[in-house]
Each structure stands twice: as structure tokens, then as C-alpha cells.
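Single-structure report; data block below.
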Amino acid sequence: MRWAWLAAVLAALVVTAGTGVALYLVHAPAVEIVKTAGVAGGAVVALYALWLNDRRRKVEEARHSLESEKVADERFARSVELLGNEADQVRVGAMHALAWLARSTPRYRQTVLDVLCAYLRRPFDHPAYKVQADDPNRADSEVAQEIRLEHQVRLTAQRLIKDTLSWGDHDDDVHYDLDLTDASLEYFSLDGRRINWLTARRAQFYGITRFRKVHVLKPALFSGARFLGRLELNEARFEGGISFQEAVLAHEVELSGASVGRFFHASDHPPAHQIGELNVQPNTEFRIPAPGWQLTGSTETAGLGLRDHVEQDARGGADGVPGDGDGLGNGKVPAKADEAGAVGLHGE
């Protein structure tokens, strides 16, 4: 830094001398020569000082950014560690810390969603689910303290997932993935949220499930899922297709204003009570016929000879069970060419 200042001073002297000589050659007054040469030399020093301050500012910003990332990394690691704490209030606090981190540090948002989804994929059973699965809040059953506390933690995780996702009609918002395979969810709501890839294979939905005005860009996979309460899909958009392969839709399904594109795999047994109609977009491929479903739009059955492909990753494909890729399934859900692979989406 000392040499840089020395170079700046020498440059100022050269400019000052050069300016003085130039003015002298044109016979300028001595006072004017001194004043102008001094101003020129001072300008060089001032410009260097400005450049130096700007450089220091950038270095400081870079250092601050690195420190912020380090703090965020440490906070994330600590919060994930606390999710395994025995105390329910500690787990709830850890989830809120993760949600705050997702809002303040966008690069962590997908990771935080993955962690919250992983928590909900942990095995959980509530006595009310066996008494009144369509509306557990109305069930009159005794609940052990441990289950009651864990129940509240899981409801917190559901709410924070919804709060973390993008919402509204802003096209520049980022769409994030959700993987809720095998999760037990209660009164689950994603109203108005924007999702990239939604996987909920074999998930159990208790109480009212609300997907009103949800926007899913990639496939929404509910293969083998059980909707044990009302399912609300009002004005939902499933642009990447939707699969209800071997899903159970035990109560009414609200379809008013909902639409589907790319592909549609209907459940073997359509909902007994449907409100409204599901709008099928042009060029949407049907994996199997959908008798009993209330459809409108491009409802001609197509795609019965589609390629036989099974996904092998967490996004709605084969779940790693041996023999699950031969179309015979694993005793839970047949691994047919039903969803992403069936319409050529396995590369996405």
C-alpha cells in the first residue's frame, strides 16, 4: 500500500510539472501556472484516494459476505442438530430458526424445505386417525403426552413448509420441490403456493387437504396416497401432470377451476362425490382411461402405449425396493410407467 501511495504522489508531481511546463510554453501568467498545476496534481491524488476507498469497500463487503455465509452455515448445522432433541419446544424452535434462515438466505430455502419434509416423513401415528380419519380434531380419544407433543411439532413443520414456499402470481418467483413420500399429514394446506416438483407417494392425508390455487410446474405424484378427508383442488394448476395411481380418495373432491397438463393418471376408483370438473389441457396424455372422473376440455383417452420407464430417484420414482422396476410393484404400489417417465419427463 505504501508503494501505491508513492506511485500516486510521483504521478501527481509529473502531472503538476507537465501542466506547469505546458502553461509556461504558452506564456501564461506565473500565478496561473502555479494554481493550475497545483489543481491538476491534487486531482490525481484525489482520484487515487477515491479508487482506494472503493477498493477497500469492496474488500470489506466480500469479507462481510464470507462471514455471513459462515454464520448461516453454522446456524443451519446447529438447527438440524436440535431437531433430534427430546424436548418438543427445542424442536419447534429449531424449525423456526430454519424457516428464518430460508427467508434471510435464499440459497438455503430448498435445503430447509427438504429438512422439514424429511421430518414429516418420519413414522407417526395418532389415535384420532383410527377413530375419525376424515376430521381428527373431532375424535374423542385419549392421547399420550409424547404423541400429543410430537403432533404439535409436526403441525409446526407443515405450517412452515407453506410459509417458506413462494406464493402469488409473480412469474419470477422460484418454484421449489417437495418430497413427502410416506408422510402422515393432517389438515395439510398448500393454498396458493408455487411448487416445482411435488412427490407424495403413499402419503396419508388426514382431515381436509387444501391445494386450492396451487401451481405445480412439474409432475405431482400421489401414487398410492390415501386422502381420508375432503380434498380441495379449486383453481389448482398441475402443468406437469398428476398421478393418482392406486390412490384412495375416500371423501369428496372439489375440482372447480382445476386444470392438468402433460399427463393424467386416474385412480382405479374415482371419487364418489366430485364438485366441479377437472379441465384437461390439450395434448395431455392419459395413462389409463378415467371413467367416473368429471373431466372437461381435451378428455379423449391417449397414451395407452407409452414408454415403459420407472423413475429411480426420490422424485416420484421407484423407491429402491428390489424388483420394483419390473411393473409388479412391492406389495404397495405397482411401479408402472405411470408418471414422469411415461411422458418423457425422466430427464427433468
Side-chain angles (χ1 to χ4, degrees), residues 113 116-117 119-122 124-126 128-139 151-152 154-165 167 176-216 218-238 240-260 264-278 293-294 316 333 339:
L113 287 170
L116 293 175
C117 287
Y119 191 93
L120 292 174
R121 292 198 300 269
R122 298 170 58 181
F124 177 76
D125 193 21
H126 195 285
Y129 297 163
K130 296 180 176 63
V131 177
Q132 195 163 355
D134 63 326
D135 195 358
N137 282 348
R138 298 178 58 186
H151 180 238
Q152 294 303 314
R154 295 176 67 86
L155 292 178
T156 299
Q158 290 185 185
R159 179 173 58 81
L160 291 177
I161 286 175
K162 181 179 180 181
D163 292 345
T164 303
L165 289 168
W167 61 280
Y176 296 97
D177 299 338
L178 292 182
D179 184 1
L180 295 164
T181 301
D182 291 315
S184 294
L185 305 166
E186 181 179 335
Y187 300 105
F188 190 54
S189 173
L190 294 176
D191 283 352
R193 266 47 189 182
R194 303 166 70 85
I195 304 169
N196 186 50
W197 199 302
L198 175 58
T199 305
R201 292 168 65 97
R202 300 183 297 277
Q204 310 292 309
F205 294 88
Y206 300 98
I208 302 172
T209 301
R210 293 187 168 94
F211 291 154
R212 297 172 298 189
K213 294 186 178 181
V214 71
H215 180 204
V216 185
K218 301 292 179 63
L221 308 177
F222 299 105
S223 304
R226 300 174 68 215
F227 293 89
L228 302 172
R230 188 168 77 248
L231 173 59
E232 299 179 355
L233 299 176
N234 313 61
E235 299 183 49
R237 291 185 294 159
F238 298 96
I242 188 170
S243 172
F244 287 114
Q245 179 191 355
E246 295 201 0
V248 174
L249 300 161
H251 286 264
E252 67 183 39
V253 178
E254 298 186 13
L255 300 170
S256 302
S259 63
V260 61
F264 177 57
H265 192 142
S267 58
D268 296 337
H269 304 286
H273 186 198
Q274 302 173 54
I275 301 175
E277 296 177 321
L278 176 65
W293 281 81
Q294 295 178 184
V333 182
E339 301 147 345

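Side-chain atoms are counted along with the backbone in the values below, which use heavy atoms only and exclude waters and symmetry mates.
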- Output the distance between atom CG (Leu116) and atom OG1 (Thr164), rounded to the nearest 0.5 Å. 6.0 Å

- Query: Closest approach of Ala250 and Leu228, non-hydrogen atoms and distance?
  - Reply: CB-CA, 4.1 Å

- Between Ile161 and Cys117, what is the shortest heavy-atom contact and its length? CD1-SG, 3.9 Å

- Task: Supply the atom-to-atom distance Gln274 CD to Gln294 CD, rounded to the nearest 0.5 angstrom.
- Result: 4.5 Å

- Query: Of all residues at least two apart in sequence or in a different chain, which pass the ring-ring contact (aromatic ring centres under 6.0 Å, His included) check with Tyr129?
  - Reply: His126, Tyr206

- Report yes if the side chains of Leu178 and Leu165 come closer than 4.5 Å at any heavy-atom pair, otherwise no. yes

- Roughly how far apart are Thr181 OG1 and Arg201 CZ, rounded to 0.5 Å? 7.0 Å

- Query: Could you go step by step and tell me if Asp134 and Gln132 meet the side-chain contact (heavy atoms from CB on, under 4.5 Å) rule?
  - Reply: CA-CA 6 Å; Asp134 63 326; Gln132 195 163 355; 3.0 Å; yes

- Note on the structure: Residues Ile195 and Tyr176: closest non-hydrogen pair is CG2-O, 3.2 Å

- Message: If the condition is ring-ring contact (aromatic ring centres under 6.0 Å, His included), which residues does Phe238 pass it with, not counting sequence neighbours?
- Response: none

- Item | Atom pair CD1 (Ile275) and CG (Asn234), whose distance is rounded to the nearest 0.5 Å | 8.0 Å

- For the residue pair Ala128 and Pro136, what are the closest heavy atoms and their distance? CB-O, 3.7 Å

- Message: If you define the side chain from C-beta out and look only at heavy atoms, does anything of Leu278 sit under 4.5 Å from Val253?
- Response: no

- Message: For Arg159, give me all partners under salt bridge (charged side-chain N to carboxylate O under 4.0 Å, His left out), at least two apart in sequence or on another chain.
- Response: Asp163

- In chain order, what residues pass the side-chain hydrogen bond (donor to acceptor under 3.5 Å, both in side chains) check against Ser189, with sequence neighbours excluded? Lys162

- Task: Under the side-chain contact (heavy atoms from CB on, under 4.5 Å) rule, what do Glu186 and Asn137 come out as? Steps first, then yes or no, please.
- Result: CA-CA 10 Å; Glu186 181 179 335; Asn137 282 348; 3.7 Å; yes

- Message: Can you list everything that forms a ring-ring contact (aromatic ring centres under 6.0 Å, His included) with Phe188? Sequence neighbours excluded, please.
- Response: none

- Query: Can you find a pair of side-chain heavy atoms, one from Asp179 and one from Arg121, that are under 4.5 Å apart?
  - Reply: yes

- Query: Sequence neighbours excluded, which residues qualify as side-chain hydrogen bond (donor to acceptor under 3.5 Å, both in side chains) partners of Asp191?
  - Reply: Arg212

- Item | Counterpart residues, salt bridge (charged side-chain N to carboxylate O under 4.0 Å, His left out), relative to Arg230 (two or more places apart) | Glu232, Glu252, Glu254

- Please assess Asp182 against Arg202 for the test salt bridge (charged side-chain N to carboxylate O under 4.0 Å, His left out), listing each intermediate value before the final yes or no. CA-CA 5 Å; Asp182 291 315; Arg202 300 183 297 277; 3.1 Å; yes

- Message: Testing Leu231, Val248, Leu249 one by one against Pro271 for a side chain to side chain contact (heavy atoms under 4.5 Å, CB included), which residue passes?
- Response: Leu249

- Residue list, side chain to side chain contact (heavy atoms under 4.5 Å, CB included) with Ala200, at least two apart or on another chain: Leu180, Ala203, Phe205, Phe222

- Specify the closest pair of heavy atoms between Gly207 and Tyr187, including all atoms of both residues, with the distance to one decimal. CA-CE2, 3.8 Å

- Query: Got a donor-acceptor contact below 3.5 angstrom from the Arg154 side chain to the Leu185 backbone?
  - Reply: no

- Task: In sequence, state the C-alpha distance, the side-chain angles, and the governing distance for Leu113 and Asp177, and then conclude on side-chain contact (heavy atoms from CB on, under 4.5 Å).
- Result: CA-CA 8 Å; Leu113 287 170; Asp177 299 338; over 6 Å; no

- Note on the structure: Sorted by chain and residue number, the side chain to side chain contact (heavy atoms under 4.5 Å, CB included) partners of Lys130 (sequence neighbours excluded) come out as Asp125

- CD1 of Ile242 to CZ of Arg237, rounded to nearest 0.5 Å, is 14.0 Å

- Hey, could you give me the CZ/CG distance between Phe244 and Leu221, rounded to the nearest 0.5 Å? 10.5 Å

